*Asks:* 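Here it is, the structure in full.
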Amino acid sequence: MYDPLISAGPGNGEPHTPSYWAASAGPEPQDDGPINSDRTVEVAIIGAGYTGLAAGLYLAREQGIEACVLEANRTGWGCSGRNGGFALKAGGRLSYQKMIKRWGEPMARRVFDEIVEGLDRVRDLIRTENIDCDAQPEGHLWVAHRPEMLQQIESEARFLRDHFGYRAEVLSASDLVSNHFSGDEAYGALRFQEGFGVHPLKLAYGYQRLARAAGCKVHGSSPVIDWQQDGEYQVLVTPGGRVRAKKVICATNGYTPPSLHPKLKNRTFPVLSNVIVTRPLTERELSDCRFQSSDVITDTRTLRFYYRKLPDNRLLIGGRSAITGQDADNPRHNQTLIEALQRKFPALDQISYDYNWGGWVCISYDDIPHVFQTDPSGKVLYAMGYGGSGVSFSVQAGKRLAEKVVGITDGHDLPILNSPLPKFPFAPFRRLGQRALYHYYYHRDEHGRRQLVTPSQHPKRA
């Protein structure tokens with residue numbers, strides 16, 4: 001397992017992790033092959049995930065700049081091809097309440113609008129460009145995993161209505177059974193009308209096709225193994241040749257090598273998330289669980305589980321995983337997920353999984369993504385720190401990067417667009433702190449779960 005805090009780089013031409021997405025995405029789209037000679041370009045982009053491909057697309061389509069994307073392995077090899085496929089109304093991990101406390105209500109409203117625009121952009125690209133990515137109908141359920149979490153859900157609904165004019169529907173446990181699913185750890189939910197499931201690797205493939213059709217070059221098996229400066233040019237050294245660029249965009253997010261560039265050192269924290277996909281459910285299991293919608297689901301835990309029914313009647317569930325890459329293959333992480341699924345759906349006590357994999361989520365110190373140029377001339381730019389919301393916000397980030405390249409500044413006074421990623425204090429000890437927080441959050445999330453209510457008292461069975 002590539003570990004961004006330790007490994008020198010993500011490899012060269014490595015195959016996709018053996019995930020459900022890789023097994024079902026179909027043939028990989030053609031790229032422009034590895035870099036095989038020295039060349040000079042106006043803009044080089046490091047990373048062929050959602051952000052890099054979107055930046056290349058908008059540079060070519062809207063700014064008339066033919067960019068060159070350098071990918072160490074394959075399109076979508078990192079988080080863009082490993083995530084759970086949740087396109088949500090989200091940008092980073094900072095709650096909307098904390099946004100208002102940090103920036104004030106007017107600025108928080110503008111950040112909220114930017115986040116909503118990001119999700120709209122993904123939806124519009126899928127629809128108008130006919131991207132075949134198994135997009136499911138809209139709907140996102142934020143489910144109370146304990147009875148007292150209903151208060152948090154109702155408070156959030158009031159807050160969104162009062163401060164942002166956004167109306168989300170509060171559902172009771174019986175509403176969930178009637179319209180969505182039947183299971184345990186589901187005492188009600190907040191339902192957002194926006195949000196949908198996608199096949200994330202097919203989506204990345206779709207973005208690549210769009211970018212190349214617009215004129216962007218995408219070079220796989222071309223890792224950046226050294227970064228130099230030669231006068232006005234940034235020089236990216238790959239195994240097959242040197243790429244001289246006037247400007248460079250870093251779109252590596254949670255897969256950023258530790259020594260890629262000094263302006264990125266200790267500014268992100270890669271955290272592992274683990275995913276399993278079950279075998280297809282039987283007709284009896286589907287009936288017992290009463291699946292009636294394809295809404296994507298997250299629960300109210302701090303260390304949340306995210307889960308959904310896939311188009312072929314498999315279930316996907318993901319959640320926190322190992323602290324280090326060395327421990328990523330430990331089977332206990334998969335066992336944690338299957339046990340969580342069985343707690344949520346007792347009818348699935350015999351369920352097994354066919355696929356399991358992991359990926360690095362990029363956390364920023366202030367819990368928001370940053371789209372930033374590191375100097376006034378904009379020679380080095382980056383977008384990182386999505387905190388698990390990259391499916392919906394990365395394309396917006398790519399568009400904003402393309403605007404920054406050509407000096408468009410209108411609307412770029414938002415905190416997520418005009419401030420650098422803050423450095424992590426005591427950076428060498430990040431994982432010690434992570435381990436301690438995991439223990440704390442686990443006990444807070446699970447405290448009293450079994451003592452809260454007996455089966456006969458469960459509101460769905462009363």
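The shown structure was predicted, so the numbers you read here are calculated from the model rather than taken from an experiment.
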*Asks:* Under 4.0 Å between a side-chain nitrogen and a carboxylate oxygen: does that hold for K246 and E42?
*Replies:* no
*Asks:* Any chance the rings of F269 and Y365 have centres within less than 6.0 Å?
*Replies:* no
*Asks:* Tell me whether R320 forms a cation-pi arrangement with Y438, defined as NZ or CZ under 6.0 Å from the six-membered ring centre and within 45 degrees of its axis.
*Replies:* yes
*Asks:* What residues form a ring pair (Phe, Tyr, Trp, His ring centres under 6.0 Å) with Y386, not counting sequence neighbours?
*Replies:* none
*Asks:* Count the heavy atoms belonging to other residues, nucleotides or ligands that lie under 6.0 Å from CZ of R102, then report whether that count exceeds 12.
*Replies:* yes
*Asks:* More than 12 foreign heavy atoms under 6.0 Å from NZ of K379: is that the case here?
*Replies:* yes
*Asks:* Is there side-chain contact between D134 and V198, with at least one heavy-atom pair below 4.5 Å?
*Replies:* no
*Asks:* Looking at side-chain heavy atoms only, is the closest gap between F345 and C289 below 4.5 Å?
*Replies:* yes
*Asks:* Return yes if some donor-acceptor pair links the side-chain N/O of H219 with the main-chain N/O of L70 below 3.5 Å, else return no.
*Replies:* no
*Asks:* Whether K202 engages the ring of Y207 as a cation-pi pair (distance to the six-membered ring centre under 6.0 angstrom, angle to the ring normal within 45°) should be assessed.
*Replies:* no
*Asks:* Please check if the number of heavy atoms outside D329 that lie under 6.0 Å from its CG is greater than 12.
*Replies:* no
*Asks:* Counting distance only, does the side-chain N/O of E129 pair as donor-acceptor with the main-chain N or O of G206 below 3.5 Å?
*Replies:* no
*Asks:* Taking the inter-plane angle between the rings of F192 and H140 on a 0 to 90° scale, is it parallel (under 30°), tilted (30 to 60°) or perpendicular (over 60°)?
*Replies:* parallel
*Asks:* With sequence neighbours excluded, what pairs up with F86 under the ring pair (Phe, Tyr, Trp, His ring centres under 6.0 Å) test?
*Replies:* Y306
*Asks:* What do the steps show when you test D175 against S172 for side-chain hydrogen bond (donor to acceptor under 3.5 Å, both in side chains), and what is the final call?
*Replies:* CA-CA 5 Å; D175 291 333; S172 67; 3.1 Å; yes
*Asks:* Is there a donor-acceptor pair under 3.5 Å between the side chain of S294 and the backbone N or O of Q136?
*Replies:* no
*Asks:* Only pairs at least two apart or in different chains count here, so list each salt bridge (Lys or Arg N to Asp or Glu O under 4.0 Å) that has a residue in residues 66-82.
*Replies:* E28-R74
*Asks:* Looking at every heavy atom in both A48 and L53, which two are closest together, and how far apart are they?
*Replies:* O-CD1, 3.7 Å
*Asks:* Is a salt bridge present between D445 and R301, judged by a nitrogen-to-oxygen distance below 4.0 Å?
*Replies:* no
*Asks:* Within the side chain of S19, is there an N or O that forms a donor-acceptor pair under 3.5 Å with the backbone of W21?
*Replies:* yes
*Asks:* Assess whether side-chain hydrogen bond (donor to acceptor under 3.5 Å, both in side chains) is satisfied between Y166 and Q193, documenting all intermediate values.
*Replies:* CA-CA 10 Å; Y166 181 88; Q193 295 181 0; over 6 Å; no
*Asks:* Does Q326, at its CD atom, have more than 12 non-hydrogen atoms belonging to other residues, nucleotides or ligands within less than 6.0 Å?
*Replies:* no
*Asks:* Determine whether the side chains of N356 and N274 contain a donor N or O and an acceptor N or O closer than 3.5 Å.
*Replies:* no
*Asks:* Residues in side-chain contact (heavy atoms from CB on, under 4.5 Å) with Q30, at least two apart?
*Replies:* R212
*Asks:* Could you check whether any side-chain N or O of R308 sits under 3.5 Å from a backbone N or O of G84, counting only pairs where one atom can act as donor and the other as acceptor?
*Replies:* yes
*Asks:* So, the side chain of K247 versus the backbone of V380: is there a donor-acceptor pair under 3.5 Å, distance only?
*Replies:* no
*Asks:* Could you check whether any side-chain heavy atom of Q63 comes within less than 4.5 Å of a side-chain heavy atom of I408, counting everything from C-beta outward?
*Replies:* yes
*Asks:* Using distance only, find each side-chain donor-acceptor pair of residues 151-161 under 3.5 Å and give its atom names and separation, not counting sequence neighbours.
*Replies:*
from: E156; atom 1: OE1; to: Q97; atom 2: NE2; distance (Å): 2.7

*Asks:* Pair K399, E403 - check salt bridge (Lys or Arg N to Asp or Glu O under 4.0 Å), show working.
*Replies:* CA-CA 6 Å; K399 179 178 172 61; E403 292 172 348; 3.7 Å; yes
*Asks:* Is there a donor-acceptor contact under 3.5 Å linking the side chains of Q234 and W227?
*Replies:* yes
*Asks:* Within a strict 4.5 Å, meaning less than it, do heavy atoms of the L401 and V371 side chains meet?
*Replies:* yes
*Asks:* Would you say Y382's side chain and L264's backbone share a donor-acceptor pair under 3.5 angstrom?
*Replies:* no
*Asks:* Please output the side-chain donor-acceptor pairs of residues 110-126 that fall under 3.5 Å, not counting sequence neighbours, one pair per line with the distance.
*Replies:*
from: R110; atom 1: NH1; to: D413; atom 2: OD1; distance (Å): 3.3
from: R110; atom 1: NH1; to: D413; atom 2: OD2; distance (Å): 3.0
from: R110; atom 1: NH2; to: D413; atom 2: OD1; distance (Å): 2.8
from: E114; atom 1: OE1; to: R400; atom 2: NH2; distance (Å): 2.9
from: E114; atom 1: OE2; to: Q396; atom 2: NE2; distance (Å): 3.1
from: E114; atom 1: OE2; to: R400; atom 2: NE; distance (Å): 2.8
from: E114; atom 1: OE2; to: R400; atom 2: NH2; distance (Å): 3.3
from: E117; atom 1: OE2; to: R121; atom 2: NH2; distance (Å): 3.0
from: E117; atom 1: OE2; to: Q396; atom 2: NE2; distance (Å): 3.1
from: D120; atom 1: OD1; to: R123; atom 2: NH1; distance (Å): 2.7
from: R121; atom 1: NE; to: Q396; atom 2: OE1; distance (Å): 2.7
from: R123; atom 1: NE; to: E138; atom 2: OE2; distance (Å): 2.4
from: R123; atom 1: NH2; to: E138; atom 2: OE1; distance (Å): 3.4
from: R123; atom 1: NH2; to: E138; atom 2: OE2; distance (Å): 3.2
from: D124; atom 1: OD1; to: R127; atom 2: NH1; distance (Å): 3.4
from: D124; atom 1: OD1; to: R127; atom 2: NH2; distance (Å): 2.9

*Asks:* For the side chain of T374 and the backbone of L381, is there at least one donor-acceptor N/O pair under 3.5 Å apart?
*Replies:* no
*Asks:* Are a donor atom and an acceptor atom from the side chains of S364 and R267 found within less than 3.5 Å of each other?
*Replies:* no
*Asks:* Would you mind checking if D3 and R431 are paired as a salt bridge, meaning a charged N to carboxylate O distance below 4.0 Å?
*Replies:* yes
